[in-house]
J.: 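Here you go, one structure.
What you see below is based on every heavy atom in this structure, not just the backbone, and it leaves out hydrogens, waters and symmetry mates. Counting begins at 1 with the first residue of the sequence.
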Amino acid sequence: MTVKQLKVKDYRNAGERTIVLSGGRNAFVGENARGKTNLLEAVYFAGVGRSFRTPRDRELIKNGADRAIIDVDVEKDGYGESVRIVIDRECNKRVAVNGLPITKMSELMGVCPVVLFCPDGLKIVKDAPADRRKFMDISLCQISKAYFSALSQYGKILASRNKLLKSGGASDNTLAPWDELLADAGAKIIKSRRGFIRELTPFAAERHGFLSDGKEALSLDYESVRGDNTEDIKTALLKSFAADRDNDRRLKYTHSGPHKDDIKITVGGVDVRAYGSQGQQRTAALSMKLAEMRLLTKVMGTSPVLLLDDVFGELDAVRRKKLLLALEGFQSVVTTTDKSDFCGFDIAVTEI
């Protein structure tokens with residue numbers, strides 16, 4: 001897949017702007033606060049239906065404007081597709097694919113697949129498990145509408161179970177039906193995540209070896225209940241819910257399930273989540289994102305666009321060069337203040 005054109009109107013600090021992108025490396029270059037990240041964010045929004053910087057859509061509308069508009073044109077296997085997003089101050093955002101309004105956000109997934117790495121990207125290694133779960137969920141939702149549905153269903157069931165726990169009326173009998181529903185949806189999520197990490201690991205290990213000149217070995221492992229098929233996972237989840245019921249009732253929330261799972265990330269046998277240097281964490285995070293690109297391309301049969309926001313300043317000259325080499329073969333968009341970062345490389349530069 002290739003993003004051919006991005007057009008925004010009254011999006012953040014942009015009045016109206018149209019940018020044509022090449023099918024290879026692209027760069028938005030300009031001084032700080034000129035809006036480079038805003039344009040990158042617009043492409044991301046067209047891919048997943050939300051910003052990576054704020055949960056409040058109305059913050060994306062330019063001051064004094066009534067609405068913001070994002071138009072993205074993509075090409076897949078010689079065929080064109082389009083995404084239009086309208087963000088209004090007075091009503092919910094509206095999304096259209098190929099000119100037709102969609103009613104479910106799952107219908108947007110996979111139309112314009114994206115992979116993002118930004119300064120906050122280190123969170124997938126050094127911060128809370130929630131950031132690593134988000135990493136898996138964003139990828140899997142773009143790959144599978146069934147996963148998107150299971151994840152949405154699980155969230156609603158979990159909210160209902162927690163509401164029951166907070167009400168003080170949670171007995172074994174009243175919790176049992178919710179446990180059954182939660183385990184059913186949760187097993188589908190865990191099975192998908194475990195398969196995702198299993199397939200991601202060799203790609204991530206290879207990319208990490210490339211970025212570290214073969215000096216370090218990366219390994220990933222999904223931390224959850226045991227089981228490779230949904231029935232075994234569901235059985236394990238039901239046992240876990242039963243074992244945690246007293247704690248759940250006492251603290252009034254659900255202690256186990258895929259909403260508590262994690263990815264173990266080791267380099268040379270050391271858990272870099274807690275003990276890795278900042279350099280190791282950064283390289284591991286970047287390796288995981290480059291691996292995500294390869295895995296999504298393999299599964300979807302088309303390459304996502306890789307969005308790299310302000311990452312070159314965090315890398316030394318050797319790793320910058322290696323990253324640019326790693327971008328060969330698919331479309332990418334990077335933001336930077338310095339064109340000299342790309343010296344010697346073929347890259348389409350747009351001044352912002």
Side-chain angles (χ1 to χ4, degrees), residues 32 36-37 40-41 44 48 51-54 114-140 193-194 196-224 258-296 304 306-327 330 332-338 341:
N32 291 326
K36 302 183 301 295
T37 297
L40 198 78
E41 177 189 38
Y44 181 86
V48 301
S51 164
F52 62 87
R53 299 155 77 195
T54 175
V114 295
V115 171
L116 170 73
F117 189 78
C118 60
D120 279 351
L122 276 179
K123 287 182 177 180
I124 65 173
V125 176
K126 73 175 186 177
D127 280 11
D131 293 294
R132 290 180 282 280
R133 293 192 296 271
K134 182 179 178 182
F135 162 70
M136 293 184 284
D137 290 342
I138 290 174
S139 284
L140 283 163
R193 286 181 181 172
R194 181 162 286 140
F196 175 79
I197 293 301
R198 186 180 295 122
E199 290 197 56
L200 186 77
T201 297
F203 289 126
E206 189 276 329
R207 290 291 82 187
H208 194 273
F210 173 75
L211 293 174
S212 67
D213 285 328
K215 296 174 183 176
E216 297 176 338
L218 174 73
S219 181
L220 307 174
D221 186 47
Y222 182 57
E223 296 181 322
S224 183
H259 64 289
K260 292 292 184 179
D261 291 349
D262 201 355
I263 307 171
K264 186 176 183 181
I265 307 169
T266 57
V267 173
V270 176
D271 189 338
V272 294
R273 295 174 298 183
Y275 304 109
S277 67
Q278 190 170 34
Q280 285 178 317
Q281 290 174 338
R282 184 177 292 112
T283 303
L286 187 53
S287 299
M288 289 170 69
K289 283 295 180 177
L290 292 172
E292 184 186 5
M293 281 291 299
R294 291 193 169 194
L295 180 54
L296 263 63
L306 178 61
L307 307 174
L308 296 162
D309 182 40
D310 196 27
V311 300
F312 283 87
E314 302 293 321
L315 302 173
D316 58 33
V318 173
R319 279 181 167 76
R320 282 199 297 271
K321 182 177 180 180
K322 282 187 168 291
L323 175 56
L324 285 165
L325 288 170
L327 301 183
F330 50 82
S332 58
V333 185
V334 305
T335 67
T336 185
T337 58
D338 189 356
D341 287 337

J.: Please assess F196 against S139 for the test side chain to side chain contact (heavy atoms under 4.5 Å, CB included), listing each intermediate value before the final yes or no.
T.: CA-CA 9 Å; F196 175 79; S139 284; 3.7 Å; yes
J.: Looking at every non-hydrogen atom in both residues, tell me the closest pair between A291 and A204 and how far apart they are.
T.: CB-N, 3.3 Å
J.: Any cation-pi pair here, R207 with F210, using under 6.0 Å and within 45°?
T.: yes
J.: Using modelled atom types and a 3.5 Å cut-off, is there a donor and acceptor pairing between side-chain atoms of K289 and backbone atoms of V115?
T.: no
J.: Are I197 and I263 packed together at the side-chain level, in the sense that at least one heavy-atom pair is separated by less than 4.5 angstrom?
T.: yes
J.: When rounded to the nearest 0.5 angstrom, what is the spacing between CG in L306 and CG in L116?
T.: 8.5 Å
J.: Once side chain to side chain donor-acceptor pair (under 3.5 Å) is applied, do any residues pair with D310, and if so which ones, sequence neighbours excluded?
T.: none
J.: Are the side chain of Q280 and the backbone of S277 linked by a donor-acceptor contact shorter than 3.5 Å?
T.: yes
J.: Passes side chain to side chain contact (heavy atoms under 4.5 Å, CB included), H208 versus L286? Steps please.
T.: CA-CA 8 Å; H208 194 273; L286 187 53; over 6 Å; no
J.: Could you give me the CA-CA distance, side-chain angles and deciding distance for K134 and K123, then say whether side chain to side chain contact (heavy atoms under 4.5 Å, CB included) is met?
T.: CA-CA 10 Å; K134 182 179 178 182; K123 287 182 177 180; over 6 Å; no
J.: The criterion is ring pair (Phe, Tyr, Trp, His ring centres under 6.0 Å); which residues satisfy it with F117, sequence neighbours excluded?
T.: none
J.: State, with a plain yes or no, whether a side-chain heavy atom of R282 is found less than 4.5 Å away from one of V125.
T.: no
J.: Could you tell me whether the side chain of L220 reaches within less than 4.5 Å of the side chain of M288, counting heavy atoms only?
T.: yes
J.: To the nearest 0.5 Å, what is the distance between CD (E199) and CZ (R194)?
T.: 14.0 Å
J.: What is the distance from atom OG1 of T54 to atom CD of E41, rounded to the nearest 0.5 Å?
T.: 8.0 Å
J.: CG/L324 to CZ/R319 distance, rounded to the nearest 0.5 angstrom?
T.: 14.0 Å
J.: Could you go step by step and tell me if K36 and T337 meet the side chain to side chain contact (heavy atoms under 4.5 Å, CB included) rule?
T.: CA-CA 9 Å; K36 302 183 301 295; T337 58; 4.1 Å; yes
J.: Would you mind reporting whether L218 and T283 have side-chain heavy atoms less than 4.5 Å apart?
T.: no
J.: How many angstroms lie between CZ in F330 and CG in L290, if you round to the nearest 0.5 Å?
T.: 6.0 Å
J.: Is any side-chain heavy atom of E292 closer than 4.5 Å to a side-chain heavy atom of F135?
T.: yes
J.: State, yes or no, whether a side-chain contact exists between L211 and E216 at a heavy-atom distance under 4.5 Å.
T.: no
J.: For salt bridge (Lys or Arg N to Asp or Glu O under 4.0 Å), just list the numbers for E223 and R273, CA-CA rounded to whole Å, side-chain angles, deciding distance to a tenth of an Å, and then say yes or no.
T.: CA-CA 13 Å; E223 296 181 322; R273 295 174 298 183; 3.1 Å; yes
J.: Is D213 paired with K322 through a side-chain N to carboxylate O contact shorter than 4.0 Å?
T.: yes
J.: Under the rule for side-chain contact (heavy atoms from CB on, under 4.5 Å), what residues qualify as partners of S219, not counting sequence neighbours?
T.: T266
J.: For a 4.5 angstrom cut-off between non-hydrogen side-chain atoms, does T335 reach L308?
T.: no
J.: When you check the gap from the basic side-chain N to the acidic O, do D131 and K126 get nearer than 4.0 Å?
T.: no
J.: Which distance, rounded to the nearest 0.5 Å, do you find between the SG of C118 and the CG of D309?
T.: 6.0 Å
J.: Testing the basics here: between D262 and Y222, what is the closest heavy-atom pair and its distance to 0.1 Å?
T.: O-CD1, 3.4 Å
J.: Does some side-chain heavy atom of R193 sit less than 4.5 Å from a side-chain heavy atom of R133?
T.: yes
J.: L307 and side-chain contact (heavy atoms from CB on, under 4.5 Å): which partner among L40, T37, V334?
T.: L40
